[in-house]
There are 2 protein chains.
Amino acid sequence: MSRLEEIVDAAQRLLEDEGPGAVSMRRLAAELGIQAPSLYKHVDGKDRIEAELQERALTELAAALQPAADLRDLAHAYRQWALLHPRLYELTARRPLRRDQLRDGVETAASARLVALSGGDVDRARALWAAAHGLVDLELAHRFPEGADVQAAWDALVAAFDRVADREDGELDSLSGQP
Amino acid sequence: MSRLEEIVDAAQRLLEDEGPGAVSMRRLAAELGIQAPSLYKHVDGKDRIEAELQERALTELAAALQPAADLRDLAHAYRQWALLHPRLYELTARRPLRRDQLRDGVETAASARLVALSGGDVDRARALWAAAHGLVDLELAHRFPEGADVQAAWDALVAAFDRVADREDGELDSLSGQP
DNA sequence: CCCAGAGGCTAACGCCGTTAGCCTCATCGG
DNA sequence: CCGATGAGGCTAACGGCGTTAGCCTCTGGG
């Protein structure tokens with residue numbers, strides 16, 4: 001295992017266990033038993049580490065969405081993954097995505113299921129993605145009132161998009177036996 | 001105008017003009033012609049300043065949504081406001097909301113139009129809010145591909161929720177002549 | 001055997017938020 | 001009119017941050 005991977009591992013551990021404030025170069029170095037400046041022998045800077053985490057998260061999220069058979073499954077898987085890795089999700093979603101230094105296919109994989117289950121309509125897929133992201137983001141930021149039934153909001157979301165799919169069919173059929 | 005208001009004004013100016021990195025206590029103080037520690041004669045700390053900005057933003061956003069007559073209007077107003085104040089929007093949306101130190105009515109005002117246009121269904125309102133937030137958030141984070149037609153995604157969103165409203169009616173009528 | 005490069009190290013720079021402690025006025029009660 | 005008081009400045013400092021410069025040591029290949 002490369003030293004860079006070890007660094008990113010430690011960063012992920014720190015992020016998930018102690019929150020974003022704990023992911024400092026000094027703390028990170030201490031975790032590996034070295035001094036902060038030594039990290040720069042393996043990594044450009046903190047930005048790079050965060051970009052690596054971002055790519056990891058996208059890959060994992062894509063895998064988690066892969067088995068979803070319908071919109072309800074997809075929504076559930078999306079929410080579950082985010083709630084399981086809240087800090088990582090936030091980091092991934094809020095950083096601008098540097099596509100130029102993303103390994104090919106990562107983004108495509110993450111969005112494939114989404115587009116497929118939106119009847120191939122990329123605009124609908126983006127709206128659905130945004131909606132799921134929004135629900136997760138607001139939940140993670142504790143923006144819903146104390147006793148709010150978040151699941152009910154998810155149900156309302158799935159209902160809205162399911163019905164659209166029901167009506168504007170045709171496109172769906174052409175994808176049901178996946179290409 | 002109280003000194004606190006001046007501070008928050010300066011913070012908002014700095015945030016919108018130069019980004020979140022520019023909003024430091026030292027920079028903020030310099031803007032007012034004083035030294036950083038003097039700020040603490042008027043404010044608890046940086047958190048408090050951000051909370052004030054958050055409340056301001058919620059109030060303004062509520063006002064911007066107020067005149068919306070239907071979902072399409074609402075979606076448009078939401079997006080427009082966010083694109084007009086991107087940094088302020090991010091700050092407001094990503095900070096946890098401290099309801100205990102929010103002036104009464106601010107949150108209610110911000111969500112009233114949303115709930116009303118969702119036929120009084122609070123779950124649908126939350127899903128719609130989350131979807132709008134998600135679209136804005138992803139757009140601000142440059143997460144859509146270069147040439148993506150973001151407006152089309154908004155249209156797809158409005159379509160989805162409009163149709164739901166069409167079908168599950170009844171509730172709508174009881175609110176149309178607003179109480 | 002040598003020497004180059006990998007991978008550590010310390011010292012330091014310029015930021016950050018925040019605290020402690022001091023000083024200077026203007027205001028106002030006696 | 002005097003003196004206390006409090007508002008609102010100030011400097012110095014602390015412990016953190018990301019990052020750079022420059023040095024040393026060890027190890028593996030020619």
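Quick caveat: nothing in here was measured; it's all calculated off a predicted structure.
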- Using 4.0 Å as the upper bound for N to carboxylate O, is an ion pair formed by R72(B) and D162(B)? no

- Item | Validation row: E146(B), R99(A) side chains within 4.5 angstrom (heavy atoms) | no

- note: Q35(B), atom CD; dA13(D), atom P; distance rounded to Å ~ 15 Å

- Message: Strictly below 4.0 Å: does K46(B) bring a side-chain N or O up to OP1 or OP2 of dG17(C)?
- Response: yes

- Across the strands shown, which category fits V23(A) at heavy-atom distances under 4.0 angstrom: base, sugar-phosphate, nothing? sugar-phosphate

- Query: How many Å lie between CD1 on I7(A) and P on dG18(D), as a whole number?
  - Reply: 13 Å

- Mind running salt bridge (Lys or Arg N to Asp or Glu O under 4.0 Å) on E52(A) and R56(A) for me, showing each step along the way? CA-CA 6 Å; E52(A) 291 288 330; R56(A) 254 190 210 194; over 6 Å; no

- NA contact type, S38(A), heavy-atom cut-off 4.0 Å: base, sugar-phosphate, or nothing? base

- Message: Between P on dG18(D) and CD on E50(A), what's the gap in Å once rounded to a whole number?
- Response: 9 Å

- Note on the structure: When rounded to whole Å, the CE to P distance for the pair M25(A) and dG8(C) reads 13 Å

- Message: Can you measure K41(A) atom NZ to dG22(D) atom P for me and round it to whole angstrom units?
- Response: 12 Å

- Query: For R27(A) and dG18(D), what is the distance between atoms CZ and P respectively, to the nearest whole Å?
  - Reply: 12 Å

- Message: Using OP1 and OP2 only, check whether a side-chain N or O of R3(B) sits under 4.0 Å from dG9(D).
- Response: yes

- Query: Between D137(A) and R94(A), is the closest basic N to carboxylate O distance under 4.0 Å?
  - Reply: yes

- Whole Å only: how far is the CG atom of D47(A) from the P atom of dG18(D)? 11 Å

- Between dG9(D) and H42(B), is there an OP1 or OP2 to side-chain N/O distance shorter than 4.0 Å? yes

- Within the structure shown, what part of the strands sits under 4.0 Å from R26(A) by heavy-atom distance: base, sugar-phosphate, or nothing? base

- Rounded to the nearest angstrom, tell me the gap between atom CG in L28(A) and atom P in dC17(D). 11 Å

